[in-house]
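Working notes, beginning with the structure itself.
Note that ligands are numbered from 1 as they come in the structure, with each ligand's atoms numbered from 1 the same way.
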Amino acid sequence: MSYTVPKLADFSAAALDSAVRELVSALEQESAAVSSENDWKAFRDRWIARKNGILTQLNDLWLKAAPGPNKRDVGQRVNALKPRVEQAVDATLARIQSGVSSGKLAAERVDITLPGIRRPLGAEHPVIKTMNEMIGVFRNLGYSVEEGPEIETDFYNFEALNFPPNHPARDTQDTLFIAGQESKPLRDRLLLRTHTSPVQIRTMQKMKPPVRVVCPGKVHRNDALDATHSPIFHQIEGLAVDTSITFCDLKGTLDHAMKAMFGSSVKTRFYPSFFPFTEPSADVQISCIFCDGKGMRDGAPCRNCKASGWIELLGCGMVDPNVYGFVDYDPTKVSGFAFGMGVERIAILKYGVDDIQLFFQGDVRFLEQFG
Ligand code: PHE
């Protein structure tokens with residue numbers, strides 16, 4: 001029952017004492033029930049608001065109503081109640097602010113002896129880590145970074161890279177096509193890019209030579225997944241175009257990059273290959289990092305290089321002059337090289353991972369080893 005100030009009929013000392021006791025007991029109970037700042041404001045207003053607070057009501061209901069002979073007695077008691085109520089209001093505030101109380105507030109109190117909340121730190125994904133390392137090697141050579149869309153048009157993924165429509169070289173790419181594109185002209189049809197080479201074209205359309213860029217990104221191929229294949233993987237593309245770039249620059253650059261990634265004792269070897277957008281083209285092999293290029297390890301043929309002593313790592317070549325025709329570069333004035341490498345393949349070698357699927361399964365026990 002909430003307390004209301006009673007009208008007094010009996011102004012005897014005993015009756016006054018009893019009325020005061022009742023009021024003080026209500027004050028104490030209500031003070032104890034205060035458990036928040038908002039509670040406290042309501043409590044304060046109820047007791048000491050100038051307009052109609054309980055103290056004000058005492059003046060009207062007790063003091064003014066008292067007959068002449070009792071006024072002194074009533075006045076003394078009402079005056080004594082004032083500081084008492086004010087002190088209770090102050091003490092209540094102090095209590096909730098210090099949080100020392102029973103009930104709710106005790107539970108809200110900060111116990112500094114409790115152990116902290118552990119926030120586990122994430123680690124860079126090994127594919128991103130490898131990518132960033134390789135980008136770092138090329139940044140140090142003055143290359144900048146360019147990116148392009150993962151959903152590409154036939155023009156950027158094939159045509160401008162010198163894969164003519166219906167050319168058999170397109171079959172090597174196991175392309176995933178976006179459905180429902182038949183009404184568009186071939187060059188505008190969408191597909192998931194099969195390599196990062198379209199970023200070469202986008203870059204050359206955007207800037208004039210000299211160009212030195214690396215283009216990291218995700219690519220897609222219609223490959224069944226196994227320990228070495230995944231329909232989604234990553235590549236880093238490189239492109240350098242300037243006035244007198246030669247195959248020597250290409251060899252020197254990639255030899256340096258491989259040594260920076262795998263250690264200075266690694267050798268490189270350039271093997272003739274074919275890509276429609278480079279001429280001549282080469283596959284780059286590095287000496288096997290598991291058997292030091294010997295082909296034999298612990299008296300047995302090395303499994304990592306199939307006893308050849310070499311591991312194939314990337315494709316490259318001199319930019320085919322036909323490609324310059326698609327981007328308004330003058331093939332009689334500029335020359336350049338390009339290369340493309342699979343990031344997972346590099347990570348597999350660097351970290352001794354035996355299954356490419358591990359990169360995509362999101363198993364923390366695998367990933368945290370790269371933290
Ligand atoms: N884009 C080629 C591939 O995915 C690799 C490559 C890039 C070859 C640049 C030559 C130059 O196989």
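- H234 and F360 have parallel rings, their planes meeting at less than 30° on a 0 to 90° scale where 60° marks the start of perpendicular.
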Kindly determine whether D60 and K64 satisfy salt bridge (Lys or Arg N to Asp or Glu O under 4.0 Å), including the steps that lead there.
CA-CA 5 Å; D60 297 337; K64 284 188 191 149; 3.1 Å; yes
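- Contact between I245 and M318 at its shortest, heavy atoms only, is O-CE, 3.5 Å.
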Within the protein, flag every N or O under 3.5 Å from an N or O of ligand 1, and note the pair and distance.
unit_1, atom_1, unit_2, atom_2, d
ligand 1, 1 (N), H195, ND1, 3.0
ligand 1, 1 (N), S197, OG, 2.9
ligand 1, 4 (O), R221, NH2, 3.0
ligand 1, 4 (O), Q235, NE2, 3.0

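- The only option from F138, F277, F275, F270 that meets the ring pair (Phe, Tyr, Trp, His ring centres under 6.0 Å) definition with F339 turns out to be F138.
- Checked against a 6.0 Å centroid threshold, the rings of F337 and F247 do not count as neighbours.
- Although no hydrogens or angles enter the test, the distance criterion places a donor-acceptor pair under 3.5 Å between the side chain of D320 and the main chain of N322.
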